[in-house]
Amino acid sequence: GYCFLKPALFVNVSTLERKKTYLLNWLSAHPLWINQVDICPPSKFPSPQMWRDFLNTIDIDLLPLTRTVLTKLVMQDILGEAIINSAQGLAGAPQEITWQGMQGNPPLQFMWSLLWELYELNFHYELYALDWALVPNRWTASDSNEEWLTHQSLLYDIFPGTCGLVMWLESLPCHLHELGLCATDVLTSLPYISKFCQLLSVWPGAPACLQSPVELKGRDDTEVYKAFSLACHFYVQTAFDFLGWQPSLPHIFQFV
């Protein structure tokens with residue numbers, strides 16, 4: 001299953017009213033679900049169809065016991081009753097939707113920002129899950145072993161801000177330096193690229209060159225982007241081999 005719904009679910013919607021229903025249902029579950037995933041993740045996650053069923057907000061009590069309803073019952077078991085109930089009754093979407101200080105019907109910037117956050121959330125948690133699975137010894141915590149804390153800090157340093165995985169606790173980016181790996185300026189992105197390569201360097205099958213520090217040589221950024229490109233190719237292939245699907249990647253944020 002998927003820890004977070006895929007952004008494509010919001011793109012392939014036939015009507016504005018249905019899209020607004022999707023948005024409201026996701027935003028209603030947003031804080032509760034993210035908090036649950038961060039603190040006490042479930043043993044399994046929803047499939048794409050389960051996410052779609054949840055966003056559609058169909059009252060299962062009024063339907064016959066079909067496959068769709070059974071899927072929704074499984075979804076309720078995964079998400080929890082509180083999250084499911086938070087989305088009930090929102091099918092009649094209001095005219096205006098508000099999120100992150102933006103209000104609209106929904107406006108283009110609203111959708112850009114929400115999709116950007118979903119890509120970020122998926123990337124953060126897929127990277128975390130892969131790292132935990134591929135190098136579990138780095139996450140073994142004990143009173144005499146601080147390696148896990150050092151490795152956790154390395155993972156968190158890949159993401160801009162101070163909240164680590166819980167990036168939703170921070171406001172949307174306002175400046176270039178808040179874009180991390182996606183910053184267009186190499187001096188801004190270099191620290192994040194370096195940490196990303198360092199994290200991947202201990203994964204099984206990692207290219208040997210990732211073990212070398214990523215450094216900017218004068219004004220020539222060729223080696224930096226060469227290392228980053230190699231790391232990205234290795235990450236995508238490893239993630240696909242392990243997860244069975246194409247992983248999410250961070251996207252450039254659209255400033256107003």
Side-chain angles (χ1 to χ4, degrees), residues 1-38 45-58 75 79 83-84 86-127 159-161 163 165-184 188-189 192 232 236 239 245-256:
Y2 292 82
C3 187
F4 294 99
L5 55 90
K6 291 296 182 177
L9 285 176
F10 287 108
V11 177
N12 301 320
V13 181
S14 58
T15 67
L16 177 60
E17 286 302 308
R18 178 60 62 188
K19 180 174 289 188
K20 288 166 66 177
T21 300
Y22 276 30
L23 288 171
L24 283 166
N25 286 339
W26 166 241
L27 293 177
S28 69
H30 183 275
L32 289 173
W33 175 244
I34 295 177
N35 187 63
Q36 180 176 325
V37 167
D38 187 61
F45 291 104
S47 67
Q49 185 59 52
M50 289 179 182
W51 277 120
R52 189 184 300 276
D53 289 341
F54 169 73
L55 295 177
N56 269 314
T57 317
I58 300 174
M75 184 71 172
L79 290 180
I83 292 177
I84 294 295
S86 71
Q88 298 302 310
L90 292 175
Q95 292 299 312
E96 299 291 335
I97 303 174
T98 301
W99 176 69
Q100 290 278 9
M102 293 178 285
Q103 190 176 49
N105 197 28
L108 188 57
Q109 182 65 25
F110 183 110
M111 288 304 305
W112 279 344
S113 301
L114 186 138
L115 293 176
W116 173 86
E117 186 195 56
L118 278 173
Y119 277 114
E120 287 290 315
L121 285 170
N122 277 289
F123 172 62
H124 287 201
Y125 280 91
E126 285 174 357
L127 179 59
F159 315 126
C163 293
L165 290 175
V166 289
M167 42 78 71
W168 59 88
L169 294 178
E170 300 182 356
S171 301
L172 292 171
C174 296
H175 305 285
L176 181 65
H177 70 270
E178 297 176 306
L179 297 182
L181 291 170
C182 287
T184 54
T188 302
S189 61
Y192 304 102
C232 288
V236 170
W245 63 73
Q246 180 178 326
S248 296
L249 297 172
H251 281 53
I252 294 176
F253 184 77
Q254 295 286 343
F255 292 108
V256 178

Kindly compute the distance separating OH (Tyr125) from CZ (Phe4), expressed to the nearest 0.5 Å.
-> 5.5 Å
What closest approach, in Å, do Lys6 and Gln246 show between heavy atoms, and which atom pair accounts for it?
-> NZ-O, 4.3 Å
Of all heavy-atom pairs linking Val13 and Arg18, the shortest is CG1-CG, 3.4 Å
Atom CH2 of Trp116 and atom SG of Cys182: how far apart are they, to the nearest 0.5 Å?
-> 9.0 Å
side-chain contact (heavy atoms from CB on, under 4.5 Å) partners for Leu249, two or more places apart | Tyr235, Val236
Please round to the nearest 0.5 Å and tell me the distance separating atom CG of Leu27 and atom NZ of Lys20.
-> 13.0 Å
Check the pair Phe54, Leu5 against side chain to side chain contact (heavy atoms under 4.5 Å, CB included), reporting the backbone distance first and the verdict last.
-> CA-CA 10 Å; Phe54 169 73; Leu5 55 90; 5.8 Å; no
For Ser248 and Glu126, the nearest pair of non-hydrogen atoms, with its separation, is N-OE1, 2.8 Å
Begin with the C-alpha distance, continue with both residues' side-chain angles, and end with the deciding distance and a verdict on side chain to side chain contact (heavy atoms under 4.5 Å, CB included) for Phe10 and Met111.
-> CA-CA 9 Å; Phe10 287 108; Met111 288 304 305; 4.2 Å; yes
How far apart are the closest heavy atoms of Gly180 and Pro160, and which atoms are they?
-> N-CG, 3.9 Å
Those residues that, when tested against Thr184, pass side-chain contact (heavy atoms from CB on, under 4.5 Å) (two or more places apart) = Leu176
Taking every heavy atom of Leu181 against every heavy atom of Ser189, the minimum-distance pair comes out as O-CB, 4.2 Å
Could you tell me the separation between the NZ atom of Lys19 and the CG atom of Leu24, rounded to the nearest 0.5 Å?
-> 13.5 Å
Here the gap from Trp26 atom CH2 to Leu9 atom CG, rounded to the nearest 0.5 Å, amounts to 10.5 Å
What's the verdict on side chain to side chain contact (heavy atoms under 4.5 Å, CB included) for Leu127 and Phe159, showing C-alpha distance, side-chain angles and the deciding distance?
-> CA-CA 11 Å; Leu127 179 59; Phe159 315 126; 4.0 Å; yes
Trp51 side chain to Tyr2 main-chain N or O, any donor-acceptor pair under 3.5 Å?
-> yes
If you measure from CZ on Phe45 to CH2 on Trp33, what distance do you get to the nearest 0.5 Å?
-> 5.5 Å
Criterion side chain to side chain contact (heavy atoms under 4.5 Å, CB included) on Leu179 and Tyr192, from CA distance to verdict = CA-CA 10 Å; Leu179 297 182; Tyr192 304 102; over 6 Å; no
